[in-house]
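Here the structure comes first, spelled out in structure tokens, and everything after it is commentary.
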There are 2 protein chains.
Amino acid sequence: MARFCLVGPCQSDGIDPAETLAQRVVRLRKGEPLYLLGDPVATLFAIRVGTVKTHVATEDGRTQVVGFHFPGEIVGLDSIGRHQYASYATALEDTKACMIPMDALRTLAASTPALASRVFLALDRQAQRTRALQTLLALMTAEERLVTFLLWISEGQSARGFSSSEFILRMSREEIGSYIGLTLETVSRQFSRLAEYGLIRVKHRSVALVDKAGLRAIAARPAISAVPSSTSSRRAGVPHAPAQGAIPLAPEQAWAARIPPQSAGGARHTDSGVKTNPFAWETGNGQQ
Amino acid sequence: MARFCLVGPCQSDGIDPAETLAQRVVRLRKGEPLYLLGDPVATLFAIRVGTVKTHVATEDGRTQVVGFHFPGEIVGLDSIGRHQYASYATALEDTKACMIPMDALRTLAASTPALASRVFLALDRQAQRTRALQTLLALMTAEERLVTFLLWISEGQSARGFSSSEFILRMSREEIGSYIGLTLETVSRQFSRLAEYGLIRVKHRSVALVDKAGLRAIAARPAISAVPSSTSSRRAGVPHAPAQGAIPLAPEQAWAARIPPQSAGGARHTDSGVKTNPFAWETGNGQQ
DNA sequence: CGCCGAATTGATCTGACTCAAGGTAAGTGG
DNA sequence: CCACTTACCTTGAGTCAGATCAATTCGGCG
């Protein structure tokens with residue numbers, strides 16, 4: 001029933017890349033690598049069953065998880081346009097994935113704009129997620145990070161047609177911690193704390209989101225929003241009370257009420273007609 | 001003399017998109033927006049003079065800098081393939097930028113593979129930087145973050161043909177802090193500390209990197225590397241001694257000596273010939 | 001010259017890391 | 001089928017890097 005293309009639901013736009021693209025299927029058992037950092041990039045992988053993490057290694061032997069990938073998602077996108085994979089991809093459980101030969105994809109994409117735009121969409125999604133992670137890492141507390149992470153998983157689950165409020169984590173505490181910039185102990189403690197507050201139920205890797213509104217209230221606090229706020233207060237004010245009941249989300253005031261800073265772009269005076277090379281810059285004034 | 005294309009130096013591949021692409025030039029004064037989050041995406045911007053920051057706003061009124069952009073770089077790439085800009089772009093100083101109409105670019109790129117691949121390259125660079133930032137935020141200390149940041153600036157400077165060891169920062173301590181996940185006070189203190197150790201000289205926004213090798217030794221500690229290390233020690237061991245003298249970099253042992261984990265991909269058994277839709281996933285086993 | 005935003009520096013506090021000690025679940029071999 | 005191993009998770013106690021609060025000081029600019 002549920003069939004998805006690349007990352008989003010399959011709009012029946014008549015494309016069935018299966019015939020040309022799905023040359024092979026890889027089966028991996030837990031812990032086996034899909035590819036290694038530095039391997040020549042030959043294919044993308046579309047996960048059919050299982051879960052995969054992408055990760056990098058640091059000089060001092062630690063490992064940094066840079067992404068988790070679920071069925072229906074494409075692994076290897078971060079290496080598109082390079083010759084060698086920029087990360088490791090490892091199965092977190094028994095996994096089955098389709099290989100999508102890069103050259104074939106490229107060829108087909110060139111002649112099939114719809115496919116090309118799908119790839120673009122997938123890339124954009126990935127970039128979005130990374131950006132979100134950036135702000136998560138830059139300004140969220142441990143509690144906020146874990147809650148945000150759980151909500152991401154939850155979203156993914158429901159996008160895939162599974163329960164968004166009950167699921168089994170496929171990754172260890174350490175891997176979660178690595179992804180969201182915490183130690184495994186802190187992750188574990190936050191799990192316990194959230195359970196204590198009655199926001200979730202946890203038993204090892206199985207998690208139930210009990211009070212999703214309450215969770216969202218926690219995660220939304222430092223989340224990015226569409227509308228700029230003039231109060232340039234810094235990390236101030238946020239009371240550390242653990243958001244007991246379901247504090248309702250600020251309504252998605254997204255676009256309607258945009259307060260343009262700086263007199264609404266009036267400052268943007270544009271000289272038209274000028275023809276200069278946009279790929280060069282002024283060379284003048286030597287130092288600096 | 002120095003002419004750069006997109007982000008990299010201009011290999012004379014005969015492409016001069018100037019004629020078709022550089023329709024307009026925008027001039028901004030310090031603090032003026034290039035575009036706002038949510039503005040309809042119509043153009044990319046190629047910076048000719050000046051510096052631009054891209055940033056987002058959080059629910060609680062804080063601001064998070066997601067990127068700094070210098071002459072020769074393209075701003076707006078993170079919004080390619082969307083209809084509305086995903087961030088704000090604001091001039092940090094008086095700035096001149098060329099507008100590159102998206103539709104024209106798309107058209108031209110379709111017929112000029114070399115241009116298309118340049119755009120891809122630029123996208124990849126941006127993604128790389130974001131990934132690096134991700135690990136910076138996830139596992140570096142304040143000192144390591146600031147040093148890494150300074151080295152990034154330094155690299156950029158030399159890529160643009162300027163001194164890599166002396167430059168003027170175009171952004172405030174607060175903006176630096178926002179970018180690398182620290183408060184302005186911590187940034188300021190780290191500046192002072194590095195100066196104290198004789199690694200840099202600082203006077204407000206002008207910085208001189210005195211001992212670049214020493215700085216690299218600090219930054220490289222938790223930096224990602226190509227070769228995986230089996231010691232899965234956690235955040236341990238790193239003595240907090242502030243890397244006094246120029247501890248030499250571990251030689252770029254990049255590719256030569258790769259130690260393949262898991263018996264070098266031998267685990268990857270592949271069924272060929274199978275033709276399944278790579279864009280779908282198995283639906284079976286209902287729950288989970 | 002005087003104002004104001006930016007930077008520095010100090011004092012204090014605390015959230016998350018570190019070190020350490022069990023507890024639990026699943027897998028393995030006899 | 002059960003002891004034994006192993007990997008993972010939880011919880012506690014102590015510490016510290018960086019945040020927070022709070023003055024000054026510095027510089028650019030009108």
Side-chain angles (χ1 to χ4, degrees), chain A residues 29-31 60 62 92-94 136-147 168-178 180-196 200-207 218 221-222 232-242, chain B residues 29-31 60 62 92-94 136-147 168-178 180-196 200-207 218 221-222 232-242:
Chain A
R29 274 173 313 173
K30 187 174 172 174
D60 54 345
R62 284 173 281 167
L92 291 177
E93 59 180 324
D94 292 8
L136 178 146
L137 290 168
L139 36 87
M140 288 193 188
T141 66
E143 186 185 53
E144 289 157 355
R145 290 182 201 200
L146 184 59
V147 168
I168 292 173
L169 297 170
R170 296 310 122 64
M171 64 295 284
S172 71
R173 302 288 188 256
E174 182 162 31
E175 285 160 336
I176 296 173
S178 172
I180 62 177
L182 301 171
T183 58
L184 70 159
E185 293 98 325
T186 300
V187 171
S188 180
R189 267 185 256 273
Q190 292 302 332
F191 265 121
S192 305
R193 214 153 82 88
L194 292 172
E196 207 177 293
I200 66 174
R201 271 180 293 116
V202 204
K203 200 187 173 194
H204 299 278
R205 293 193 178 187
S206 74
V207 177
I218 293 176
R221 225 183 287 155
S232 77
S233 73
R234 50 165 162 159
R235 213 153 296 200
V238 183
H240 201 257
Chain B
R29 274 172 314 173
K30 187 174 171 173
D60 54 344
R62 284 173 280 167
L92 291 177
E93 59 181 324
D94 293 7
L136 177 147
L137 290 168
L139 35 87
M140 287 194 189
T141 66
E143 185 184 55
E144 290 158 355
R145 290 182 201 200
L146 184 59
V147 168
I168 293 173
L169 296 170
R170 276 20 242 248
M171 65 294 287
S172 71
R173 301 289 190 256
E174 182 162 30
E175 285 160 336
I176 296 173
S178 173
I180 61 177
L182 300 171
T183 59
L184 69 156
E185 293 98 326
T186 300
V187 171
S188 180
R189 267 184 255 273
Q190 292 302 332
F191 266 120
S192 305
R193 216 153 81 87
L194 292 172
E196 205 177 296
I200 65 174
R201 270 181 295 115
V202 203
K203 199 185 174 196
H204 300 278
R205 294 194 178 186
S206 74
V207 178
I218 293 177
R221 225 183 288 155
S232 79
S233 73
R234 51 168 164 156
R235 213 153 297 200
V238 184
H240 201 258

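Below, read A as the first sequence line, B as the second, and so on, with proteins coming before strands; counting in each chain starts at 1.
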4.5 Å side-chain heavy-atom contact, A:Leu92 and A:Glu175:
yes
Please give, in whole Å, the distance from D:dG18 P to A:Met140 CE?
21 Å
Once you round it to whole Å, what is the distance between P of C:dG27 and CG of A:Asp94?
11 Å
A:Lys30 and A:Glu93 ion-paired at < 4.0 Å:
no
Restricting both atoms to N or O, compile the protein contacts to nucleotides 4-11 of chain D shorter than 3.5 Å, with distance only.
residue : atom : partner  : partner atom : Å
D:dC9   : OP1  : A:Arg205 : NE           : 3.0
D:dC9   : OP1  : A:Arg205 : NH2          : 3.4
D:dC9   : OP2  : A:Arg173 : N            : 3.1
D:dT10  : OP1  : A:Arg173 : NH2          : 3.2
D:dT10  : OP2  : A:Arg173 : NE           : 2.7
D:dT10  : OP2  : A:Arg173 : NH2          : 3.4
D:dT10  : OP2  : A:Ser188 : OG           : 2.8
D:dT10  : O5'  : A:Ser188 : OG           : 3.2
D:dT11  : OP2  : A:Ser192 : OG           : 2.6

Rounded off to whole Å, could you give me the CD-to-P distance for the B:Gln190 and C:dA7 pair?
16 Å
Apply side chain to side chain contact (heavy atoms under 4.5 Å, CB included) to A:Ser188 and A:Glu185, showing your working.
CA-CA 5 Å; A:Ser188 180; A:Glu185 293 98 325; 5.6 Å; no
What integer distance in Å separates B:Leu194:CG from C:dA7:C1'?
16 Å
Please give me the minimum heavy-atom distance between A:Phe191 and A:Val207, naming the atom from each residue.
CE2-CG2, 4.1 Å
For B:Ile218 versus B:Glu144, what's the shortest heavy-atom pair and its separation?
O-CG, 3.7 Å
Donor-acceptor pair, side chain of B:Arg205 and main chain of B:Ile168, under 3.5 angstrom
no
Whole angstroms only, please: what is the CG-P distance between A:Leu139 and D:dG18?
17 Å
Protein-nucleotide distance (B:Leu92, atom CG; C:dA6, atom C1'), rounded to Å:
14 Å
Rounded (10°) bend between the five-pair end axes of the helix from C:dC1-D:dG30 to C:dG30-D:dC1
40°
Note: B:Val187 and B:Gly177 closest approach over all heavy atoms is CG2-CA, 3.6 Å
On a heavy-atom basis, the closest approach of A:Gln190 and A:Ala142 is NE2-CB, 3.7 Å
Atom-pair distance (CD on B:Glu144; C1' on D:dA17), nearest Å
12 Å
Please report, rounded to the nearest Å, how far the P atom of C:dA16 is from the CZ atom of A:Arg193.
8 Å
Between A:Ile176 and A:Met171 the two heavy atoms that sit nearest each other are CG1-CG, 3.4 Å
